[in-house]
Amino acid sequence: MAEPTIEIRSLTTGYRGKNNVTVVARDISARLFGGELTCLLGPNGAGKSTLLRTLSAFLPPVSGDITVMGRNLRDYTDKELSKLIGVVLTEKTDLRNMSVEDLVGLGRSPYTGFWGTLQEHDRLIVENAIAMVGITGLRDRMIQTLSDGERQKVMIAKALAQETPVIFLDEPTAFLDYPSKVEIMQLLHRLSRTTGKTIFMSTHDLDMALQIADTIWLMDREKGVSTGTPRELADKGTLARFFVRKGISFDSENCMFRIERSE
Ligand code: ADP
């Protein structure tokens with residue numbers, strides 16, 4: 001079996017205050033692989049953003065180890081990290097009067113000098129990133145004129161221009177209409193295959209994730225993190241146990257949730 005890109009051992013995430021530690025999630029052990037799309041699912045407050053922040057080294061672990069490409073995450077310098085992990089956040093960017101091409105070009109900042117001047121080589125990488133997400137026709141548009149789905153593709157292109165083996169995305173399908181959600185999920189899945197990158201995203205789009213993700217991480221404050229392919233999690237009963245709500249049942253054979261309705 002291939003070596004994991006990221007290996008997490010007995011990780012506890014949380015926030016350190018002056019005199020106390022607020023633990024968010026305990027004892028997470030899991031692995032992420034290159035060439036795969038992994039979706040992180042769980043209710044609000046389960047700790048998905050905290051986990052993404054910890055895995056991208058914005059937040060130190062409370063305890064446990066995170067190994068990325070064979071080396072402990074804490075041993076990387078900030079400069080090395082910027083060439084290792086690309087992060088796509090969902091907060092709506094308030095970038096105005098910047099073209100798509102210029103924003104994608106910001107993805108090159110780990111490689112350019114202080115002034116961020118792009119060389120010919122960087123321009124080619126930016127052009128390629130724009131083509132990979134299928135937005136060549138938008139390259140000269142100003143960011144504020146784009147739809148939410150188009151803007152999300154630009155942010156993904158920026159992460160591609162950063163040329164990192166790992167990309168994390170915090171709810172990239174939030175705020176999008178259904179066709180745009182599907183398009184972004186399919187794009188990320190295709191990119192995982194064509195680039196061999198390790199792509200890890202949080203989402204609330206459960207049914208879509210079950211259809212397209214290679215691996216699912218289910219996160220819950222009480223039950224911790226359970227990982228597996230959608231089929232494995234269906235067969236083990238993990239999915240059925242995870243979302244126990246009146247009026248919703250899990251159809252294990254078809255790996256989907258069914259909504260009951262009154263006659
Ligand atoms: P999710 O992304 O799954 O909705 P979060 O990771 O945002 O969950 O939050 C998990 C828990 O961590 C919540 O109880 C939240 O209040 C807490 N939390 C988030 N940010 C901080 C912070 N900066 N300091 C302390 N606690 C925080």
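Just so you know, ligand 1 is whichever comes first in the structure, and atom 1 is the first atom listed for that ligand. All of these numbers come straight from a predicted model, not from anything done at the bench.
Hydrophobic clustering (side-chain heavy atoms under 4.5 Å, transitive across Ile, Leu, Val, Met, Phe, Trp, Tyr) keeps L169 apart from L40.
Salt bridge status for E36 with R193: absent, with no side-chain N to carboxylate O gap under 4.0 Å.
Under the 3.5 Å distance criterion, the side-chain polar atoms of T5 are matched with a main-chain donor or acceptor of G34.
Every protein residue with a heavy atom nearer than 4.0 Å to ligand 1 is included here: Y15, V24, P43, N44, G45, A46, G47, K48, S49, T50, R53, R221.
With sequence neighbours excluded, the residues satisfying salt bridge (Lys or Arg N to Asp or Glu O under 4.0 Å) with E101 are R139. F250 is linked by a ring-ring contact (aromatic ring centres under 6.0 Å, His included) to F257, counting only residues two or more places apart in sequence or in another chain.
Pairs engaging residues 203-222 under the ring pair (Phe, Tyr, Trp, His ring centres under 6.0 Å) rule: F200-W217 [sequence neighbours left out].
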